[in-house]
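Reading through the C-alpha coordinates given below for one structure.
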Amino acid sequence: MKAIVLKSHAKLNLYLRVINKRPDGYHNLKTIFERINLYDDVAFSANRTGRIKILCDHPQVPTGPGNLVYKAAAVLRERYQVSQGVTIRIIKRIPVAAGLAGGSSNAATALVGLNKVWSLGLTKKEMLDIGNSLGSDIAFFLHDCSWALGEGRGERITRLNIKSRFWHVLVVPKVKMYTVKVYRGLKLKLTNNKDNANILTRYLQKKNINKIYKYLGNDLEHSIVTIVPSLKNVPRRLKALGAEGVSFSGSGPTVFCLLWSRQDAECLKRILQKRYSQVFVVSTW
Ligand code: C5P
(Lines give C-alpha, C1' and ligand atoms only; values in the text may rest on other atoms or scores of the structure.)
Protein backbone atom coordinates (compact mmCIF):
# COMPACT_ATOMS: atom_id res chain seq x y z
CA MET A 1 0.00 0.00 0.00
CA LYS A 2 1.29 3.44 -0.97
CA ALA A 3 2.29 6.09 1.60
CA ILE A 4 3.08 9.72 0.85
CA VAL A 5 3.82 12.96 2.71
CA LEU A 6 2.67 16.33 1.35
CA LYS A 7 3.20 19.92 2.48
CA SER A 8 0.04 21.89 3.24
CA HIS A 9 0.71 25.65 3.15
CA ALA A 10 -1.03 28.58 4.84
CA LYS A 11 -2.27 31.73 3.07
CA LEU A 12 -2.62 35.42 3.79
CA ASN A 13 -5.29 37.69 2.35
CA LEU A 14 -3.37 40.79 1.31
CA TYR A 15 -6.62 42.34 0.21
CA LEU A 16 -10.18 41.40 1.09
CA ARG A 17 -13.12 43.43 -0.15
CA VAL A 18 -16.67 42.31 0.62
CA ILE A 19 -18.88 43.14 -2.36
CA ASN A 20 -22.34 42.11 -1.14
CA LYS A 21 -24.36 39.48 0.68
CA ARG A 22 -25.81 36.69 -1.45
CA PRO A 23 -29.20 34.99 -1.17
CA ASP A 24 -27.41 31.77 -0.04
CA GLY A 25 -26.00 33.60 3.01
CA TYR A 26 -22.42 33.80 1.73
CA HIS A 27 -20.73 37.04 0.72
CA ASN A 28 -19.26 37.87 -2.66
CA LEU A 29 -15.63 38.86 -2.24
CA LYS A 30 -12.64 40.12 -4.08
CA THR A 31 -9.55 38.89 -2.34
CA ILE A 32 -5.87 38.52 -3.13
CA PHE A 33 -4.41 35.30 -1.75
CA GLU A 34 -0.71 34.86 -1.06
CA ARG A 35 0.59 31.37 -0.27
CA ILE A 36 3.26 31.49 2.45
CA ASN A 37 6.06 29.21 3.61
CA LEU A 38 4.32 28.24 6.86
CA TYR A 39 3.04 24.70 6.39
CA ASP A 40 1.77 21.50 7.97
CA ASP A 41 2.97 18.06 6.88
CA VAL A 42 0.22 15.63 6.00
CA ALA A 43 1.10 11.93 5.62
CA PHE A 44 -1.25 9.44 3.96
CA SER A 45 -1.04 5.67 4.12
CA ALA A 46 -3.75 3.58 2.52
CA ASN A 47 -4.76 0.35 4.25
CA ARG A 48 -7.33 -2.42 3.93
CA THR A 49 -9.40 -1.55 7.03
CA GLY A 50 -11.90 0.57 5.09
CA ARG A 51 -11.72 3.15 7.88
CA ILE A 52 -10.61 6.79 7.89
CA LYS A 53 -8.24 7.49 10.76
CA ILE A 54 -6.85 10.97 11.47
CA LEU A 55 -3.90 11.39 13.84
CA CYS A 56 -2.94 14.82 15.13
CA ASP A 57 -1.30 15.89 18.38
CA HIS A 58 -2.66 19.45 18.32
CA PRO A 59 -5.34 19.81 21.03
CA GLN A 60 -7.57 22.08 18.90
CA VAL A 61 -7.66 19.80 15.87
CA PRO A 62 -10.57 17.34 15.85
CA THR A 63 -9.70 13.88 14.58
CA GLY A 64 -13.28 12.82 13.83
CA PRO A 65 -15.90 13.93 11.29
CA GLY A 66 -15.50 17.58 12.43
CA ASN A 67 -12.14 17.71 10.66
CA LEU A 68 -12.27 18.97 7.05
CA VAL A 69 -9.67 16.33 6.12
CA TYR A 70 -11.98 13.63 7.45
CA LYS A 71 -14.88 15.17 5.53
CA ALA A 72 -12.88 15.25 2.29
CA ALA A 73 -11.92 11.58 2.73
CA ALA A 74 -15.51 10.60 3.57
CA VAL A 75 -16.89 12.36 0.45
CA LEU A 76 -14.30 10.65 -1.78
CA ARG A 77 -14.96 7.25 -0.23
CA GLU A 78 -18.70 7.60 -0.68
CA ARG A 79 -18.66 9.15 -4.16
CA TYR A 80 -16.09 6.76 -5.66
CA GLN A 81 -17.05 3.63 -3.68
CA VAL A 82 -13.55 3.32 -2.20
CA SER A 83 -13.14 0.10 -0.23
CA GLN A 84 -9.67 0.91 1.14
CA GLY A 85 -9.12 2.82 4.35
CA VAL A 86 -6.51 5.45 5.14
CA THR A 87 -4.48 6.77 8.05
CA ILE A 88 -3.77 10.49 7.78
CA ARG A 89 -1.25 12.05 10.14
CA ILE A 90 -1.24 15.84 10.40
CA ILE A 91 1.84 17.56 11.81
CA LYS A 92 0.40 20.99 12.71
CA ARG A 93 2.48 24.14 12.50
CA ILE A 94 -0.16 26.50 11.11
CA PRO A 95 -2.08 28.09 14.01
CA VAL A 96 -5.67 26.84 14.14
CA ALA A 97 -8.72 29.06 13.44
CA ALA A 98 -6.41 32.01 12.83
CA GLY A 99 -7.40 33.35 9.39
CA LEU A 100 -4.56 31.41 7.75
CA ALA A 101 -6.81 28.69 6.26
CA GLY A 102 -4.84 25.80 7.76
CA GLY A 103 -7.92 23.53 7.82
CA SER A 104 -8.87 24.37 4.23
CA SER A 105 -5.31 23.83 3.10
CA ASN A 106 -5.23 20.43 4.83
CA ALA A 107 -8.50 19.51 3.08
CA ALA A 108 -7.06 20.47 -0.34
CA THR A 109 -3.95 18.44 0.45
CA ALA A 110 -6.18 15.52 1.47
CA LEU A 111 -7.95 15.58 -1.90
CA VAL A 112 -4.60 15.54 -3.71
CA GLY A 113 -3.07 12.92 -1.39
CA LEU A 114 -6.06 10.56 -1.42
CA ASN A 115 -6.33 10.86 -5.20
CA LYS A 116 -2.81 9.39 -5.22
CA VAL A 117 -2.91 6.76 -2.46
CA TRP A 118 -6.36 5.50 -3.46
CA SER A 119 -5.42 5.73 -7.19
CA LEU A 120 -8.67 7.55 -8.05
CA GLY A 121 -7.47 9.33 -11.19
CA LEU A 122 -9.52 12.45 -10.40
CA THR A 123 -9.17 15.54 -12.56
CA LYS A 124 -8.52 18.94 -11.01
CA LYS A 125 -12.09 19.93 -11.85
CA GLU A 126 -13.48 16.95 -9.91
CA MET A 127 -11.31 17.85 -6.92
CA LEU A 128 -12.43 21.49 -7.17
CA ASP A 129 -16.10 20.46 -7.16
CA ILE A 130 -15.61 18.48 -3.96
CA GLY A 131 -13.34 21.13 -2.41
CA ASN A 132 -15.91 23.87 -3.06
CA SER A 133 -18.62 21.82 -1.40
CA LEU A 134 -16.46 21.73 1.75
CA GLY A 135 -15.24 25.35 2.03
CA SER A 136 -14.57 28.61 0.22
CA ASP A 137 -10.76 28.69 0.67
CA ILE A 138 -9.98 25.18 -0.59
CA ALA A 139 -9.94 26.07 -4.31
CA PHE A 140 -6.96 28.43 -3.89
CA PHE A 141 -4.80 25.60 -2.54
CA LEU A 142 -5.93 23.19 -5.27
CA HIS A 143 -4.65 25.69 -7.83
CA ASP A 144 -1.17 25.23 -6.40
CA CYS A 145 0.07 28.78 -7.08
CA SER A 146 1.68 31.53 -5.00
CA TRP A 147 -0.76 34.30 -5.86
CA ALA A 148 -4.39 34.40 -6.93
CA LEU A 149 -7.43 36.62 -7.09
CA GLY A 150 -10.42 35.00 -5.39
CA GLU A 151 -13.93 36.03 -6.41
CA GLY A 152 -17.44 34.76 -5.76
CA ARG A 153 -17.32 33.43 -2.19
CA GLY A 154 -13.53 33.17 -2.66
CA GLU A 155 -13.63 29.94 -4.66
CA ARG A 156 -13.46 31.46 -8.17
CA ILE A 157 -9.71 31.57 -8.65
CA THR A 158 -7.64 33.47 -11.19
CA ARG A 159 -3.91 32.93 -10.90
CA LEU A 160 -1.91 36.15 -10.67
CA ASN A 161 1.40 36.40 -12.43
CA ILE A 162 3.40 37.93 -9.57
CA LYS A 163 7.04 36.88 -9.41
CA SER A 164 7.98 38.99 -6.37
CA ARG A 165 8.61 37.42 -2.99
CA PHE A 166 7.65 39.32 0.15
CA TRP A 167 8.53 39.06 3.83
CA HIS A 168 5.97 39.31 6.60
CA VAL A 169 5.76 39.11 10.35
CA LEU A 170 2.62 37.43 11.65
CA VAL A 171 1.24 37.95 15.14
CA VAL A 172 -1.29 35.29 16.06
CA PRO A 173 -3.16 36.36 19.21
CA LYS A 174 -4.47 33.50 21.30
CA VAL A 175 -8.10 34.25 20.53
CA LYS A 176 -10.51 31.95 18.73
CA MET A 177 -12.37 33.65 15.91
CA TYR A 178 -15.40 32.10 14.27
CA THR A 179 -15.61 32.97 10.58
CA VAL A 180 -19.41 32.73 10.57
CA LYS A 181 -19.61 35.24 13.42
CA VAL A 182 -17.24 37.68 11.71
CA TYR A 183 -19.28 37.65 8.49
CA ARG A 184 -22.50 37.94 10.48
CA GLY A 185 -21.13 41.05 12.22
CA LEU A 186 -20.41 42.83 8.93
CA LYS A 187 -22.06 46.20 8.42
CA LEU A 188 -22.11 46.55 4.67
CA LYS A 189 -22.01 50.10 3.35
CA LEU A 190 -24.74 51.13 0.92
CA THR A 191 -22.14 52.53 -1.45
CA ASN A 192 -19.39 50.05 -2.11
CA ASN A 193 -15.84 51.16 -1.48
CA LYS A 194 -13.65 51.36 -4.53
CA ASP A 195 -12.19 48.05 -5.64
CA ASN A 196 -8.40 48.32 -5.84
CA ALA A 197 -7.52 44.67 -6.51
CA ASN A 198 -6.18 45.44 -10.01
CA ILE A 199 -4.08 48.39 -8.85
CA LEU A 200 -2.66 46.38 -5.95
CA THR A 201 -1.85 43.48 -8.29
CA ARG A 202 0.18 45.82 -10.49
CA TYR A 203 2.16 47.14 -7.52
CA LEU A 204 2.74 43.59 -6.26
CA GLN A 205 4.08 42.67 -9.70
CA LYS A 206 6.41 45.68 -9.63
CA LYS A 207 7.30 45.11 -5.96
CA ASN A 208 6.51 48.75 -5.29
CA ILE A 209 6.26 48.31 -1.53
CA ASN A 210 5.40 51.93 -0.68
CA LYS A 211 2.39 51.76 -3.00
CA ILE A 212 1.42 48.27 -1.79
CA TYR A 213 1.15 49.64 1.76
CA LYS A 214 -1.59 52.02 0.59
CA TYR A 215 -3.80 49.43 -1.03
CA LEU A 216 -3.71 46.51 1.44
CA GLY A 217 -6.85 46.12 3.50
CA ASN A 218 -9.50 43.86 4.88
CA ASP A 219 -13.20 44.73 5.06
CA LEU A 220 -13.66 42.18 7.86
CA GLU A 221 -11.47 44.22 10.23
CA HIS A 222 -14.30 46.26 11.72
CA SER A 223 -16.30 43.15 12.55
CA ILE A 224 -13.23 41.35 13.96
CA VAL A 225 -12.40 44.16 16.40
CA THR A 226 -16.05 44.61 17.34
CA ILE A 227 -16.24 40.96 18.39
CA VAL A 228 -12.92 41.07 20.29
CA PRO A 229 -12.14 44.76 21.03
CA SER A 230 -8.70 43.98 22.53
CA LEU A 231 -7.56 42.89 19.05
CA LYS A 232 -7.47 46.59 18.07
CA ASN A 233 -4.23 46.80 20.02
CA VAL A 234 -2.34 44.38 17.79
CA PRO A 235 -2.27 46.46 14.58
CA ARG A 236 -1.82 49.56 16.75
CA ARG A 237 1.30 48.13 18.39
CA LEU A 238 2.74 46.98 15.10
CA LYS A 239 2.24 50.44 13.62
CA ALA A 240 3.74 52.09 16.73
CA LEU A 241 6.86 49.99 16.12
CA GLY A 242 7.10 51.43 12.61
CA ALA A 243 5.58 48.46 10.78
CA GLU A 244 3.64 49.19 7.59
CA GLY A 245 1.23 47.24 5.44
CA VAL A 246 -0.49 46.07 8.64
CA SER A 247 -3.71 44.11 8.21
CA PHE A 248 -5.75 41.17 9.50
CA SER A 249 -5.69 38.00 7.40
CA GLY A 250 -9.08 36.49 6.51
CA SER A 251 -11.45 36.56 9.46
CA GLY A 252 -8.54 37.00 11.90
CA PRO A 253 -7.18 37.08 14.52
CA THR A 254 -3.82 36.89 12.71
CA VAL A 255 -2.33 40.31 12.00
CA PHE A 256 0.49 40.63 9.49
CA CYS A 257 2.72 43.38 8.18
CA LEU A 258 4.89 43.69 5.10
CA LEU A 259 8.65 44.13 5.46
CA TRP A 260 11.46 45.12 3.10
CA SER A 261 13.74 42.23 4.00
CA ARG A 262 14.10 39.08 6.07
CA GLN A 263 16.48 40.94 8.39
CA ASP A 264 13.87 43.64 9.10
CA ALA A 265 11.30 40.90 9.72
CA GLU A 266 13.54 38.97 12.14
CA CYS A 267 14.33 42.19 14.01
CA LEU A 268 10.64 43.05 14.43
CA LYS A 269 9.87 39.46 15.46
CA ARG A 270 12.41 39.67 18.32
CA ILE A 271 10.67 42.78 19.68
CA LEU A 272 7.14 41.37 19.29
CA GLN A 273 8.05 38.08 20.96
CA LYS A 274 8.43 39.95 24.25
CA ARG A 275 4.67 40.53 24.21
CA TYR A 276 3.15 37.85 22.01
CA SER A 277 3.76 34.11 22.21
CA GLN A 278 2.99 33.32 18.58
CA VAL A 279 5.07 35.42 16.19
CA PHE A 280 6.29 34.13 12.84
CA VAL A 281 8.50 35.40 10.03
CA VAL A 282 7.15 34.11 6.73
CA SER A 283 7.53 34.77 3.05
CA THR A 284 5.74 34.08 -0.21
CA TRP A 285 5.92 30.43 -1.27
O1 C5P B 1 -16.77 28.48 3.19
P2 C5P B 1 -16.39 28.40 4.63
O3 C5P B 1 -16.87 27.15 5.27
O4 C5P B 1 -14.95 28.66 4.88
O5 C5P B 1 -17.15 29.59 5.32
C6 C5P B 1 -17.45 29.63 6.68
C7 C5P B 1 -18.57 30.63 6.91
O8 C5P B 1 -18.10 31.96 6.64
C9 C5P B 1 -19.77 30.44 6.01
O10 C5P B 1 -20.69 29.55 6.57
C11 C5P B 1 -20.35 31.85 5.93
O12 C5P B 1 -21.12 32.14 7.07
C13 C5P B 1 -19.11 32.73 6.01
N14 C5P B 1 -18.63 33.14 4.68
C15 C5P B 1 -19.34 34.13 3.98
N16 C5P B 1 -18.89 34.52 2.75
C17 C5P B 1 -17.78 33.99 2.21
C18 C5P B 1 -17.05 33.00 2.91
C19 C5P B 1 -17.52 32.62 4.14
O20 C5P B 1 -20.36 34.65 4.46
N21 C5P B 1 -17.37 34.41 1.03
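Counting convention: from 1, in listed order, for ligands and their atoms alike. Predicted, not measured: the structure shown is a model, and the values here were computed from it. The chain is numbered in sequence order, starting from 1.
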With sequence neighbours excluded, tell me which residues meet side chain to side chain donor-acceptor pair (under 3.5 Å) with Thr63. none
What are the atoms of ligand 1, with element, lying closer than 4.0 Å to any heavy atom of [X]?
X: Ser136; result: 1 (O), 2 (P), 4 (O), 18 (C)
X: Arg153; result: 1 (O), 17 (C), 18 (C), 21 (N)
X: Leu29; result: 21 (N)

Which residue owns the protein heavy atom closest to [atom], what's the atom, and how far is it?
atom: atom 3 (O) of ligand 1; result: Gly135 CA, 4.0 Å
atom: atom 7 (C) of ligand 1; result: Val180 CG2, 3.9 Å
atom: atom 9 (C) of ligand 1; result: Tyr26 CE2, 3.7 Å
atom: atom 21 (N) of ligand 1; result: His27 O, 2.8 Å

Scan side-chain atoms only and decide if [X] and [Y] contain a donor-acceptor pair under the 3.5 Å cut-off.
X: Ser45; Y: Thr87; result: no
X: Tyr215; Y: Asn198; result: no
X: Asn106; Y: Ser8; result: yes

Between Asn28 and Arg153, what is the shortest heavy-atom contact and its length?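 Between these two residues, the closest heavy atoms are OD1-N, 4.3 Å.
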For Trp147, run the ring-ring contact (aromatic ring centres under 6.0 Å, His included) check against Trp285, Phe166, Phe33 and tell me which one passes.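 So the option named by the test is Phe166.
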Below 4.0 angstrom, N of the basic side chain to O of the carboxylate: do Arg35 and Asp144 qualify?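 Looking at Asp144 together with Arg35, the answer is yes, because their closest N to O distance falls below 4.0 Å.
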Applying a strict 4.0 Å limit to heavy atoms, is Gly25 in contact with ligand 1?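 Per 4.0 Å heavy-atom rule, Gly25 contacts ligand 1.
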Please confirm whether Thr179 comes under 4.0 Å of ligand 1, counting heavy atoms of the residue only. yes
Is it the side chain (CB and beyond), the backbone, both or neither of Tyr183 that lies under 4.0 Å from ligand 1, heavy atoms counted?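 Near ligand 1, Tyr183 shows its side chain, while the N, CA, C and O stay back.
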